[in-house]
Amino acid sequence: PKERGFLGPALFFYQGFWCPSRILHNVVTFQQHFEGRDTDVILATKPKSGTTWLKSLVYSILNRTRFTEMDHPLLTKNPHELAPFLEFNVYSEKNEGLPDLSNISPPRLFSTHLPYGPLPESIQGSKCRIVYMGRNPYDTFVSAWKFVTGHNPELHLEVTIEDFLGHFLRGAEAFGPHWEHVLGYWKESLGRPNKVLFIKYEDMKENGTREMKRLAEFVGCGFSQEEDRDGVIDRILKLCSLSNLKELEVNKTGKYMPSVKNKLFFRKGEVGDWVNHLNPSMVERIDQMMKEKFEGSGLEFKRNS
Ligand code: A3P
């Protein structure tokens, strides 16, 4: 199919969001069988909001005493492998039977693109922690556009950027509507701050050290003064930087997700690249929607660096 699971008939409206039909079965299996533990850490994002970055950062925070800069798993594995998606990888119907997750030593690190509402009760109801990374919709949209058009050129979407924006604004895109996705986790983070930490891509870019401290505290392993002095935070930030990860062989030539080359997860990583791709009328349409959906919620995003 031309649309490759991002738009139109390749999506199925399920429990309030547009689920790529090809993973619907996985989603249901995940909902029915996942047993959350209090020590679990779940990374949640809307696609193209910084998932890959968040995975590298939180994995590195949690495992910082286990590896050196010479033998760090990020040097040879794509970040998605280190914090697998529950609905794409862990509960893939292509795996044989159900996964045995009982032997993974705590804290187990998983990820999801699902909105908050459809998460299984064992995640919502347990003490496991959720870290959500949100990003301004202008850059998220452009990143999504670049991502889908960066796939095998022979399978290009037969859709213009204007049409793609129409789908984005209406919510008819993978894991959309965008607005409800972000707001769902935002509200939960306000109501249950020990359960959901809401991190913004733009804040991480602007003040990585401060955000790293928030992340580490939240997942239960804050940085000690000694670590602070020794530059541990800076080293993790450097290891996980786009410029570093992008140049690693595994991310240049590898393929962890069956349908996506690793290199497609790394592009520019800037705040404000949307100015190079959106015309004034497109910006106006996103402005309108932002106003309509986010007004009164207290949620704001920077959109320029
Ligand atoms: P751009 O397309 O704007 O460059 P996701 O990981 O959710 O798929 O999001 C991909 C976006 O995050 C892309 O944005 C990508 O370049 C950016 N990204 C990937 N790794 C990053 C990193 N280590 N640091 C900052 N941004 C990163």
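Numbering starts at 1 and runs along the sequence shown.
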If we ignore hydrogens and angles and just use 3.5 Å, is the side chain of S126 paired with the main-chain N or O of S122 as donor and acceptor?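 It does hold such a pair.
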D273/K146 under salt bridge (Lys or Arg N to Asp or Glu O under 4.0 Å): CA gap, chis, key distance, verdict: CA-CA 11 Å; D273 182 45; K146 288 285 170 187; over 6 Å; no
Atom pair CE (M133) and NZ (K200), whose distance is rounded to the nearest 0.5 Å: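 The CE atom of M133 sits 12.0 Å away from the NZ atom of K200.
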Nearest 0.5 Å, what's the CG-CZ distance between L43 and F85?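 Between atom CG of L43 and atom CZ of F85 there are 9.0 Å.
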How about F17 and H113: are their ring centroids closer than 6.0 Å?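 Centroid separation for F17 and H113: 6.0 Å or greater.
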Tell me yes or no: between the side chains of K55 and S111, is some donor less than 3.5 Å from an acceptor? yes
Check the side chains of T68 and D71 for a donor-acceptor pair under 3.5 angstrom, ignoring hydrogens and angles.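 Their side chains do contain a donor-acceptor pair, which is all the 3.5 Å distance test asks for.
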Quick one: sort the F88 and F175 rings into parallel, tilted or perpendicular, breaks at 30° and 60°.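 F88 and F175: perpendicular rings.
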For residues 229-245, dump all side-chain donor-acceptor pairs below 3.5 Å to protein atoms at least two apart in sequence or in another chain.
{"from": "R235", "atom 1": "NE", "to": "E69", "atom 2": "OE2", "distance (Å)": "3.1"}
{"from": "R235", "atom 1": "NH1", "to": "D230", "atom 2": "O", "distance (Å)": "2.9"}
{"from": "S241", "atom 1": "OG", "to": "K238", "atom 2": "O", "distance (Å)": "2.8"}
{"from": "S241", "atom 1": "OG", "to": "S243", "atom 2": "OG", "distance (Å)": "3.4"}
{"from": "S241", "atom 1": "OG", "to": "N244", "atom 2": "N", "distance (Å)": "3.3"}
{"from": "N244", "atom 1": "ND2", "to": "L239", "atom 2": "O", "distance (Å)": "2.8"}

Does any part of the side chain of I130, heavy atoms only, come nearer than 4.5 Å to the side chain of S189, both counted from C-beta?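 S189 does not reach I130 side chain to side chain.
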Quickly, which of W274, W145, Y201 forms a ring pair (Phe, Tyr, Trp, His ring centres under 6.0 Å) with Y138? Name it, please.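 Output: one option passes, namely W274.
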Are R303 and D287 close enough, and set up right, to give a salt bridge (Lys or Arg N to Asp or Glu O under 4.0 Å), and what steps lead you there? CA-CA 11 Å; R303 62 176 197 183; D287 284 347; 3.0 Å; yes
